[in-house]
There are 2 protein chains.
Amino acid sequence: MYQPTVTEENYLKAIYHLSNTGTKSVNTSSIATSMETTAASVTDMLRKLSDKEWINYEKYKGVKITRKGEKVALGIIRKHRLWEVFLTNILEFEWEEVHQMAEELEHVSSEELIKRLDKFLGHPKFDPHGDPIPDQTGKMESHDKFNLSAGEPGEKYIITGVTDHSTLFLKHLRKYGLLPGVTVSIAEIMDYDKSMLVKVSKDKFHLSLEVSKNILIKKYVSSK
Amino acid sequence: MYQPTVTEENYLKAIYHLSNTGTKSVNTSSIATSMETTAASVTDMLRKLSDKEWINYEKYKGVKITRKGEKVALGIIRKHRLWEVFLTNILEFEWEEVHQMAEELEHVSSEELIKRLDKFLGHPKFDPHGDPIPDQTGKMESHDKFNLSAGEPGEKYIITGVTDHSTLFLKHLRKYGLLPGVTVSIAEIMDYDKSMLVKVSKDKFHLSLEVSKNILIKKYVSSK
DNA sequence: TTATAAGTTTAGACAAATCTAAAAATAGTA
DNA sequence: TACTATTTTTAGATTTGTCTAAACTTATAA
Ligand SMILES: [Mn+2]
Ligand SMILES: [Mn+2]
Ligand SMILES: [Mn+2]
Ligand SMILES: [Mn+2]
């Protein structure tokens, strides 16, 4: 049908993310915040996206992404995350460096390019931040993940991702080797401030609640 | 100082190419043709490029690219050609497929990305079409190339590039294995239509003047 | 050398995406 | 319920890059 402009792609991606993976309805001001623009500009754009049937929009009632719109959003997210894998695994960037570049690369339009990139990278299922990569049909691994802050003393977990994607946070975690795939065990949780003492391979260190709340984990299981 | 928009980058690249590698002055209509736009639009843009000191422009007198403008153009050309190498050598696209994708990829802004891509590709000196890749300072291998149509019977040559970059032509050459690096010897040149009989490894075939005029070669030298 | 053709610039308009300020609708609360 | 605060939309501009049509400049050639 229509093909979205770069700006329309960015709006659809933002709306998709704000509606936590495509379900609930999103209001104008939250889109404005996430797009770093004004509510007035968002209203203008919502009308256009609605005309093209990528969202359902009623004045004052918020917006819900349509199946069509979701397809566009997932296509962009797929490209974004595959390029992030390329940048870290092949060009050896650190995980906190790749997001801005991927924001540009995700708009390169060729479907064949992304198909071959996916193949070249070995069909990765997750990006460097632990976020799942949608396949060509939009399907992806589901999150059965929970926060490290909800973990229990004495238990062993595997890091699967983060909820804060800021450069500052990612850089901080990398210093401690706290990356997706790494095993952590909780030695102790302090009653006073809910900070925790964790063990990562040979090292032991202290994580504030601030930090542990933003790390996603799954239970450790010996094989696979 | 300023950083060019995607459109400005495309104009500067076109002007650079039209002035055969940065020397002679270029007129409005040739820019319009190469950008597939109107002379009026070009005039509008020339004013902007001139304000930003990327070109010297005097009304009705044509335009010459400045040192600054040349630097911008060479940066884009470097990115374009490196991405073309990536697409052919790594993602295994054919040489006639890569140009359109490179037209988009060349505008991805990160300098660090292109530095690492260059390194990953092994600092290639030529793109898949035989065009030289400028280094970070804008320097590149010079063309001591000439047309196959000027070659002599009995002589052996190495293909170094093409002057027609159209998909149709590139596809045609690939069918015969006429790619940069390949050795050809001229068996015979027909008096009547200047077509030539050439030998490429075990195969012998006929090339029209139309074709031989668009193939660039250098003399064959046994070593290197 | 003057008429005509070719090339170039200006004038005025438009679409996309944005903004500020003002008006309108909805939500929260006394 | 009625007032106020918050959110959202509209109105009117602005910027970038584009267009057509008209005016202007330069080249060509009788
Ligand atoms: Mn990212
Ligand atoms: Mn990511
Ligand atoms: Mn090209
Ligand atoms: Mn090329």
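Atom CG in B:Leu49 sits about 13 Å away from atom P in D:dT16, given to the nearest Å. The separation between A:Glu58 atom CD and D:dT9 atom P is 11 Å, rounded to whole Å. Between B:Lys61 atom NZ and D:dT25 atom C1' there is a gap of 11 Å when expressed in whole angstrom units. As a whole-Å value, the separation of B:Asn10 CG from D:dT16 P is 17 Å. Counting to the nearest Å, the P atom of D:dT16 and the CZ atom of B:Arg47 are 15 Å from each other.
Within a 6.0 Å sphere centred on CD of A:Glu58, other residues, nucleotides and ligands contribute 12 heavy atoms or fewer. The 12-atom threshold is not exceeded at NZ of B:Lys71, counting heavy atoms of other residues, nucleotides or ligands nearer than 6.0 Å.
At C:dT9, one or more side-chain N or O atoms of B:Tyr57 fall inside 4.0 Å of OP1 or OP2 (strictly under the cut-off).
In this pair, A:Phe120 and A:Phe86 present their aromatic rings tilted. The plane angle is within the 30 to 60° band.
Within the 4.5 Å cutoff, side-chain heavy atoms of A:Val63 are placed close to those of A:Ile31. Using a 4.5 Å heavy-atom cutoff, the side chains of A:His129 and A:Glu84 are in contact.
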Atom pairs, N/O to N/O, protein against nucleotides 1-7 of chain C, distance under 3.5 Å?
none

Short heteroatom pairs, N/O only, protein and nucleotides 16-22 of chain C, under 3.5 Å:
unit_1 : atom_1 : unit_2  : atom_2 : d
C:dA17 : OP1    : A:Thr5  : OG1    : 2.8
C:dA17 : OP2    : A:Lys48 : NZ     : 3.2
C:dT18 : OP2    : A:Tyr11 : OH     : 3.4
C:dT18 : O4     : A:Asp44 : OD2    : 3.3
C:dC19 : OP2    : A:Thr37 : OG1    : 2.3
C:dC19 : OP2    : A:Thr38 : N      : 3.3
C:dC19 : OP2    : A:Thr38 : OG1    : 3.2
C:dC19 : OP2    : A:Ser41 : OG     : 2.6
C:dC19 : N4     : A:Asp44 : OD2    : 3.4

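The nearest heavy atom of DNA chain C to A:Lys59 and to B:Thr43 marks one nucleotide each, and the one closer to the 5' end goes with B:Thr43.
Taking the six-membered ring where the residue is Trp, the centroids of A:Tyr176 and A:His172 are separated by under 6.0 Å.
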Passes salt bridge (charged side-chain N to carboxylate O under 4.0 Å, His left out), A:Lys13 versus A:Glu9? Steps please. CA-CA 6 Å; A:Lys13 189 167 55 120; A:Glu9 288 182 344; over 6 Å; no
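There is no side-chain donor-acceptor pair under 3.5 Å between A:His80 and A:Asp127.
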